[in-house]
Amino acid sequence: MRKDWKLSLLKKIASVFGKKDEPNNNGAKKQQEKSSKSQQKKKQPEPGTVEWRPGQKPVKGKGAGGPRKKPQGQRKGPKGGKPQDDRPPRPPRKPRAPKKEAPPFELGPEEIERMKEFRPEEEDRRVAYEKRLKQRWNEKHGIKSERPERKKREPRGDGDRKPRRNDGEKRPRREQQPKRERPADAPYTVTAGATERRKTEDVPWDPETFTIAPEEGKIRFHDLELHPKLMQSIHALGWEYATPIQGEILPGTLKGKDMAGRAQTGTGKTAAFLISIINHCLKNPLEKHSASSPRALIIAPTRELAMQIGEDSVGLNKFTGLRTVVLYGGMDYNKQQRELEDGLVDIVVATPGRLLDFENKNVVNISHAEIMVIDEADRMLDMGFIPDVRRIIYKTPAKEKRQTVLFSATLSDDVMKLAAAWMVDPERIDVEPEQVAVDTVDQKVFIVTDDQKFTLLYNIIKNDNPDRIIIFTNRRDQAERLSEDLDRYGHKCEMLSGAVTQKKRMRILEDFKAGKVKVLVATDVAGRGIHVDGLSHVVNFNIPENPDDYVHRIGRTGRAGSLGQSITFACEMESFELPKIEELLGMDLPCKMPTEEMLAELPSAPPRKPRARRPQQGGHRGGGRRPQGGHHRAGQKRSGGGTGHRVPRDK
């Protein structure tokens, strides 16, 4: 009865949802037949084996059907390995050919000779030159430069983390300070990247107010037919007559000729090529001027010289509206890039390395430069900058489509041969080449011993009381020791060398020009391109090994017609350098002994601070003290001549 009741219920459900859901007895029967056949197909266990059943642990090496049989057609593999097929064994792999290693970096004979030309104070240039050679070697042999590992950032402590703001708390707004208005007569200075650009205003100016009477043997700027705005800037600077180098070279450069000028330092070489560039840009304006594409390019060997050219350009562009950008290493790269991209650029003054960095990244485009100037060409082409100068020149237009001008205090025949390849029929002008030193400089040479140098220097500063004085040394360690001793004896001074960062150099030079610092101790890094008004004394504490450096040192004083003094200390270690200097000057330097007053005893001073010993790099062995003046053998000349000076210990 129960079964009939269930069937009747299922039939009613099937009638509601459809006949397809009705249970089929035929399907159930077929399913039972399939299950019975599958049970019959199961293999019976072979005799001697144990059938595995659920819940039992399997026997090692035996499955449910007993031990495995090796399938036919397979062979035994190696010990502990899997059985292999009857396929033939694979041939052994050929060993990979070793990678060709690039030859080690080596310097050629010409490069070795060029490296020897660097002086001790030019160590930073020598390192940079060797680094460029190594980069070219790696590019030639396909060696990728290895990047230095980044330093992992140390996690902050709990107390160093900034407190978080609440959700409802808002960030306080900063009060906007009103912009300072620059006075119209305020001087413009060169900052970290570029010269500041003055918004040109139509200042009323009558050219008739700038009248200069003609004088025999002198050239007025009126006679050169310059642009009125340029004449207004010259009038504001107070210039009346052109200097000899300007009077000789400006008539040719204003017509677009390629020229090379040689003149004494401090005679106006910088103003000569700036006047020709500014006059060309004003008289030949462009209809379309793309950004970061200068019309004139000036390259200089040192950062200080580039900054000095930039300052002179600001003065001459006071009323012209032309923009000058100065590029040099050691300062913020991104800031200089923003200066290039912020508006049109007319004149670019740069050192070779930083200019190539910007050009390779397409930040500046020099392919449309109309005028190219190489200042201090002897140092630029002689001291390892030849590859960089060539790369710069090849990126400018062809020499027939640009004007090339070279200026330097000393131009040799070898330099002129190199420069002739980049110029079209260059005209060379020498202004008074037989007289290298300036007449307004009184040159004195005192014969002293190495121990008397500092005493003589102290008494000269005490008795003469100069407004500003530069003391030159040959090496950085000599400059450091001398500046420390001057501070001990009450003379506030600053030190300028290749080890000083660029920001500190700029601060030192600004303080020295402003009169905040009266005594400056420097190596030859400050020998060129530094123009300081009111510099009355230049002291050669060490005689330079290169005679040209002597000319550039004493050229820092006696500029623009003012009188100056050059004092040289000739000791037993350096006096043999004087004949080379006299040969270059074409005159004899009178030597004399200092008076007793000049060698007066030094006052008492605090003891010198102990200096930390630098780690030795494998050159000095054995005990005892190292000989003073560095490593040298008997009979070998010391670089720079001795220790520089010695101060008594009890003082």
Side-chain angles (χ1 to χ4, degrees), residues 187 189-190 265-266 304 307-308 311 438 440-444 446 448 452-474 476 478-542 552-569 594 597-600 602-606 608-609 644-645 647 651:
T189 59
V190 177
T265 180
E304 289 76 17
M307 293 168 57
Q308 184 65 43
E311 291 182 2
V438 182
T440 56
V441 179
D442 182 17
Q443 303 180 56
K444 300 178 181 179
F446 289 107
V448 293
Q452 296 173 338
K453 279 186 176 182
F454 183 79
T455 304
L456 179 59
L457 175 64
Y458 175 85
N459 290 313
I460 288 175
I461 298 174
K462 178 183 176 182
N463 298 332
D464 294 354
N465 192 19
D467 294 334
R468 294 179 187 86
I469 179 173
I470 295 182
I471 307 166
F472 285 103
T473 62
N474 287 349
R476 185 179 66 190
Q478 296 170 345
E480 292 174 352
R481 179 59 63 88
L482 181 58
S483 61
E484 289 177 5
D485 290 338
L486 287 173
D487 285 335
R488 288 174 55 221
Y489 282 89
H491 291 298
K492 182 182 177 182
C493 67
E494 291 285 354
M495 194 263 296
L496 199 64
S497 69
V500 180
T501 60
Q502 185 60 28
K503 288 184 179 180
K504 190 174 181 181
R505 286 187 198 183
M506 294 175 60
R507 193 262 304 166
I508 292 173
L509 288 174
E510 290 175 1
D511 292 347
F512 188 63
K513 292 178 181 179
K516 297 179 181 178
V517 177
K518 294 185 177 182
V519 182
L520 178 63
V521 181
T523 57
D524 286 309
V525 71
R528 297 190 179 207
I530 303 300
H531 175 57
V532 181
D533 295 330
L535 182 60
S536 58
H537 288 65
V538 170
V539 176
N540 292 308
F541 199 83
N542 300 107
H552 292 292
R553 286 181 180 183
I554 67 174
R556 300 310 100 204
T557 184
R559 301 173 73 96
S562 61
L563 300 178
Q565 290 188 26
S566 167
I567 302 173
T568 303
F569 297 162
E597 183 183 359
M598 301 177 72
L599 294 177
L602 294 173
S604 60
R608 183 184 290 115
K609 297 179 181 179
H645 70 281
V647 181
K651 299 295 183 185

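Counting begins at 1 with the first residue of the sequence.
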Which atoms form the tightest heavy-atom contact between His491 and Asp487, and what is the distance?
O-OD1, 3.2 Å
Hey, is the main chain of His537 close enough, under 3.5 Å, to the side chain of Arg468 for a donor-acceptor pair?
no
Closest approach of Thr557 and Val441, non-hydrogen atoms and distance?
O-CG2, 3.5 Å
Rounded to the nearest 0.5 Å, the NZ atom of Lys462 sits from the CG atom of Leu602 at a distance of 9.5 Å
Are the side chains of Gln443 and Thr568 in touch, meaning some heavy atoms are under 4.5 Å apart?
no
Minimal heavy-atom distance between Leu456 and Pro594, with the atoms involved, is CD1-CB, 3.9 Å
Under the rule for side chain to side chain contact (heavy atoms under 4.5 Å, CB included), what residues qualify as partners of Asn463, not counting sequence neighbours?
Asn459, Glu597
Is there a side-chain contact between Asn474 and Thr523 (heavy atoms, below 4.5 Å)?
no
Flag the pair Ile508 / Val517 as yes when at least one side-chain heavy-atom distance between them is below 4.5 Å, and no otherwise.
no
Side chain to side chain contact (heavy atoms under 4.5 Å, CB included) between Leu482 and Thr473: does it pass, once the steps are laid out?
CA-CA 9 Å; Leu482 181 58; Thr473 62; 4.1 Å; yes
Measuring only between side-chain heavy atoms, which start at C-beta, is Arg556 closer than 4.5 Å to Phe472?
yes
First locate atom CZ of Arg505, then atom CE of Met495, and finally report the distance between them rounded to the nearest 0.5 Å.
10.5 Å
The reported gap from CD in Glu484 to CZ in Arg488 (rounded to nearest 0.5 angstrom) is 9.0 Å
What distance separates Ile554 CD1 from Ile567 CD1, expressed to the nearest 0.5 Å?
12.5 Å
Between CD on residue Glu304 and CE on residue Met506, distance to nearest 0.5 Å
10.0 Å
pair Leu520-Cys493: side-chain heavy atoms closer than 4.5 Å:
no
Is it the case that the side chain of Ser483 and the backbone of Glu480 share a donor-acceptor pair, with hydrogens and angles ignored and the cut-off at 3.5 Å?
yes
Grab the two heavy atoms, one from Val519 and one from Lys492, that are nearest each other, plus how far apart they are.
CB-O, 3.8 Å
Less than 4.5 Å apart, any side-chain heavy atom of Ile469 and any of Ser536?
no
Could you state the interatomic distance from CZ (Arg476) to CG (Leu496), rounded to the nearest 0.5 Å?
12.5 Å
One thing to verify: whether Arg507 and Glu494 come together as a salt bridge, which I'm taking to mean a side-chain N less than 4.0 angstrom from a carboxylate O.
yes
Within a strict 4.5 Å, meaning less than it, do heavy atoms of the Met598 and Phe446 side chains meet?
yes
Donor-acceptor under 3.5 Å (Arg553 side chain, Asn540 main chain)
no
Apply side chain to side chain contact (heavy atoms under 4.5 Å, CB included) to Gln565 and Val538, showing your working.
CA-CA 6 Å; Gln565 290 188 26; Val538 170; over 6 Å; no
Indicate the ring-plane relationship of Phe541 and Phe569, choosing parallel, tilted or perpendicular according to the 30° and 60° boundaries.
perpendicular
Would you sort out whether Phe512 and Ile470 count as a side chain to side chain contact (heavy atoms under 4.5 Å, CB included), showing the intermediate values?
CA-CA 10 Å; Phe512 188 63; Ile470 295 182; 3.8 Å; yes
Leu457 and Val539, any side-chain heavy atoms less than 4.5 Å apart:
yes
Non-hydrogen atoms of Asn542 and Gln478 that approach each other most closely
OD1-OE1, 2.9 Å
